[in-house]
Amino acid sequence: MARDFFCERLVLTSDSGVREVDLAYPVVCVFGPIDTGKTTLVDCVQYALGLPVAWREVPEKRLQTVTLFVRIEGMRIGLRRSLVRNTKSVELLDGSSGQVEEILDVEAREDSDRRIVGEVLLDLLGLAEMFAPPSAVALLGAGARLTFEQLYAMCYLTQDLVDGSESVRGKANTAQSYRTVVELLLGLTDGPMRVLTARKDELTRILGELRRRAGTIGEFLTGSAADLETELARSQGEERDALRSLEEFKGRMRAATAHADPFRRRVQELEQVLEQSRRAAGDAEYALVRERRQVQRLAEQRHHGPQPVSPCPACTRDLSGRPVPDGDCPLCLSELDPEALARALRTAQASLAAAERHSVERAKALGEAQTAWEQARAELDERTREDISPLAAQIEQLAAAHATARTRTTMLERELDPHRRLAELHRAVQAAEEELKGVREDIRTRKNLLAGRKITLGEFEEHFTGLIDAVGLPGDPGARINHSSLLPQVRAGNLTKVGHGVRSAINVVYRMTFLSYALVTGATDLPSLLIIDSPRKNVGYGQDDQELIGRLYAHFLDHIAGVRSGATRTRPHQIIIVDNDLPRLPKRLLDQMHTIELTREDPLVP
């Protein structure tokens, strides 16, 4: 049924004071000469709802805040928005106390976790799930999200739209979004159908992308995938066989190596013994040389006397020129004992003999160690030559064969990869086609369930035609609803084919049809608010124009706000009309609307 959306009060704060406008009537007509604030009033309503407004110069300079109190589905709230401070947010007020309950953002911001004005309004109207189904939004993102601005365009017929043609859908709506909004409001489609349609569109896009990718890959492929698969299988078999043989010979190599380990350990042990013998022989040779020098020195001292020592071991002074008496010490010049020299010589000769014997023993031990090491080394070399070397050669050949087979396999896999990816794409295409087929079947089923609602469109068009006939357009242009665009048109085509006044009247009646149909049938989800800016000015001021605008106003009052055939309208609704002046109407009709007159002495904005 129609959604209750009723503007009760508008409060404007400006540099010159506060202006409060009482709008709590089913039909409100605001009239007055140009530049008194008629359009500013409906702009303020739109601005407080969080929507963009192209302000005229004077109101924008004077206005400070705009506060709108509305009733939405029985809930009273206030919306206050500043024109001088933070224009990107709206204060949500308690409808009774006027206290701020929440700050809402006008548009979604990444750095804010506050709710959006339009989303709150859709939620209060009970249209959030319909206008932004989570499943459809998840599939198509923002493209599946209809906004409150697009809905509000159905409730507000601006000056330029009154005289428009197809643009009567409003600037917030594209042709597609407008059709979707109308279908949702009239019940020609629903949330599940939108989700199915979104999935169908997504699958269609995916299918197109998969087919393009498959075509691109297919253009560059040569040869048969089956032949490549056969060749790859053969190469993988060769690789496995080579690897199996390689592992077998590596096992045999490990066994042969383990069998030769005792010989290797023996060689290592003898290498250690040989090294020790070399060090011992070297030490004995060094000791022998040292003892020989000692014997030689003592013998020379005994036969030739002490020799001068230079330089001095203490101060490094040259002593070679200092005379040393025979038999004295060359360092301290003390007299030496010949017997002591003889005893020292004999001791040194005995040490030399012992060193010679020790050196001979160490040389003999070195020779024996060398011989033992050479024998053990020869045995190890023979074992390696007989058992290990043949295996190493075979392992090297098998490793080369395995590497060759692996290289071949890798090349074939790379060559086959695009064929496999193409096969995967074909499978993905097939799966997507099957899913798309199922979705289309679900859509057909859903359409069958919604088929009865097509009657709604016929009823809506009959309602529109009946109202057009009641208004009595001159020349009988044959106004009707285009079933493709869901916009009005005439017998000759779009609305540009008829005159200015007739076109404006058709647009006004078209928008009024939505509200009238909702009030008569209760079968739509359209908010029961309609704002029309300057219908009289757009229709014209000739005699025929005056009579036509009179019939339009009579429709406002008699067919929507008043009593027709004795049946009082019980559904809540509101029409706000702003115009330059009022047409001539019977008093009974004038009494049915609340008028607000603006003058140059008393404009809307103080």
request  = Answer yes or no: is there a side-chain heavy-atom contact under 4.5 Å between Leu495 and Leu487?
outcome  = no
Practice item. Hey, can you tell me if Tyr178 and Tyr510 have their rings parallel, tilted or perpendicular (30° and 60° cut-offs)? Key: tilted
Only residue of Thr67, Val106, Asn86 satisfying side chain to side chain contact (heavy atoms under 4.5 Å, CB included) with Arg81 is Val106
Electrostatic pair Arg205-Glu202, nearest N-O below 4.0 angstrom: yes
Any heavy-atom pair between the side chains of Leu473 and Ile506 that's under 4.5 Å?
yes
Tightest non-hydrogen contact, residues Val42 and Ile531, listed as CG1-CG2, 3.3 Å
task = Side-chain contact test, heavy atoms from C-beta onward, threshold under 4.5 Å: evaluate it for Asp579 versus Pro535 and give yes or no.
result = yes
Enclosure of Arg213 CZ (heavy-atom neighbours >12, cutoff 6.0 Å): no
What one should report as the nearest heavy-atom pair of Leu604 and Gly37 is CD2-O, 3.2 Å
* Is there side-chain contact between Gln489 and Lys497, with at least one heavy-atom pair below 4.5 Å? -> no
- Message: Walk me through whether Arg114 and Arg109 qualify under side chain to side chain contact (heavy atoms under 4.5 Å, CB included).
- Response: CA-CA 9 Å; Arg114 296 192 300 214; Arg109 295 187 300 174; 3.0 Å; yes
Those residues at least two apart in sequence (or on a different chain) that pass ring-ring contact (aromatic ring centres under 6.0 Å, His included) with Tyr47 are Trp55
Looking at side-chain heavy atoms only, is the closest gap between Leu23 and Phe69 below 4.5 Å? no
The single option from Leu104, Ile103, Val117 that satisfies side chain to side chain contact (heavy atoms under 4.5 Å, CB included) with Leu92 is Leu104
In short, Met593 meets Cys29 closest at the heavy-atom pair SD-CB, 3.9 Å
Which of Ile468, Asn507, Thr513 passes side chain to side chain contact (heavy atoms under 4.5 Å, CB included) with Pro488? It is Asn507
Quick check: does any side chain N or O of Glu461 sit under 3.5 Å from a backbone N or O of Ile481, one acting as donor and the other as acceptor? yes
Might you work through the side chain to side chain contact (heavy atoms under 4.5 Å, CB included) test for Asn482 and Asn494, ending with a clear yes or no?
CA-CA 9 Å; Asn482 184 308; Asn494 62 43; over 6 Å; no
> Counting only N and O atoms by type, is there a donor-acceptor contact under 3.5 Å from the side chain of Thr65 to the main-chain atoms of Ser82?
Replying inline: no
Heavy atoms of Leu598 and Pro33 approach each other most closely as O-CD, 3.4 Å
- Got a donor-acceptor contact below 3.5 angstrom from the Glu73 side chain to the Asp4 backbone? yes
In Leu68, Leu41, Val11, Val30, the residue satisfying side chain to side chain contact (heavy atoms under 4.5 Å, CB included) with Val21 is Leu41
Fill in: Residues Asp15 and Arg62 bridged, charged N to O under 4.0 Å
no
*Apply the test side chain to side chain contact (heavy atoms under 4.5 Å, CB included) to residues Met512 and Ile532: give CA-CA distance (whole Å), side-chain angles for both, the deciding distance (0.1 Å), then the verdict.*
CA-CA 9 Å; Met512 288 193 303; Ile532 305 177; 4.1 Å; yes
Exercise for review: Output yes when Glu434 and Lys437 qualify as a salt bridge under the 4.0 Å nitrogen-oxygen rule, no when they do not.
Suggested key: no
Would you say Leu127 and Leu146 make side-chain contact, with heavy atoms under 4.5 Å?
no
> Is it true that a side-chain atom of Thr204 and a backbone atom of Lys200 form a donor plus acceptor pair closer than 3.5 Å?
Replying inline: yes
ask   = Quick one: does Phe148's side chain get under 4.5 Å of Leu125's, heavy atoms only?
value = yes
- Distance-only, no hydrogens or angles: does the Arg179 side chain make a donor-acceptor pair with backbone N or O of Ser484 under 3.5 Å? yes
Contacts satisfying salt bridge (Lys or Arg N to Asp or Glu O under 4.0 Å) that involve residues 475-496 (not counting sequence neighbours) are Asp476-Arg491
Side-chain (Asn173) to main-chain (Gln150) donor-acceptor, under 3.5 angstrom: yes
Sorted by chain and residue number, the ring-ring contact (aromatic ring centres under 6.0 Å, His included) partners of Tyr553 (sequence neighbours excluded) come out as Phe556
Indicate yes or no: at least one non-hydrogen side-chain atom of Leu121 is less than 4.5 angstrom from one of Leu79. yes
Smallest heavy-atom separation, Pro477 atom then Val490 atom, equals O-CB, 3.5 Å
Sorted by chain and residue number, the side chain to side chain contact (heavy atoms under 4.5 Å, CB included) partners of Ile116 (sequence neighbours excluded) come out as Asp105, Ala108, Glu119
- [ ] May I ask you to decide if Pro192's main-chain N or O and Arg446's side chain share a donor-acceptor pair within less than 3.5 Å?
- [x] no
Assess the residue pair Tyr152 and Val45 against the criterion (side chain to side chain contact (heavy atoms under 4.5 Å, CB included)); give the C-alpha distance rounded to whole Å, side-chain angles, the decisive distance to 0.1 Å, and a yes or no. CA-CA 11 Å; Tyr152 187 73; Val45 172; 3.7 Å; yes
Heavy atoms of Val502 and Pro474 approach each other most closely as CG2-CG, 3.8 Å
Asp111 CG: over 12 foreign heavy atoms closer than 6.0 Å = yes
**Request:** Mark yes or no for whether Gln574, through its side chain, and Cys7, through its backbone, hold a donor-acceptor pair below 3.5 Å.
**Result:** yes
Discussion item. Is it the case that over 12 heavy atoms from other parts of the model lie below 6.0 angstrom from the CD atom of Gln430?
Written reply: no
In short, salt bridge (Lys or Arg N to Asp or Glu O under 4.0 Å) pairs touching residues 590-606 with sequence neighbours left out are Arg19-Asp602, Lys587-Asp591
Residue pairs passing the salt bridge (Lys or Arg N to Asp or Glu O under 4.0 Å) test with at least one member in residues 31-50, sequence neighbours excluded, are Asp43-Arg56
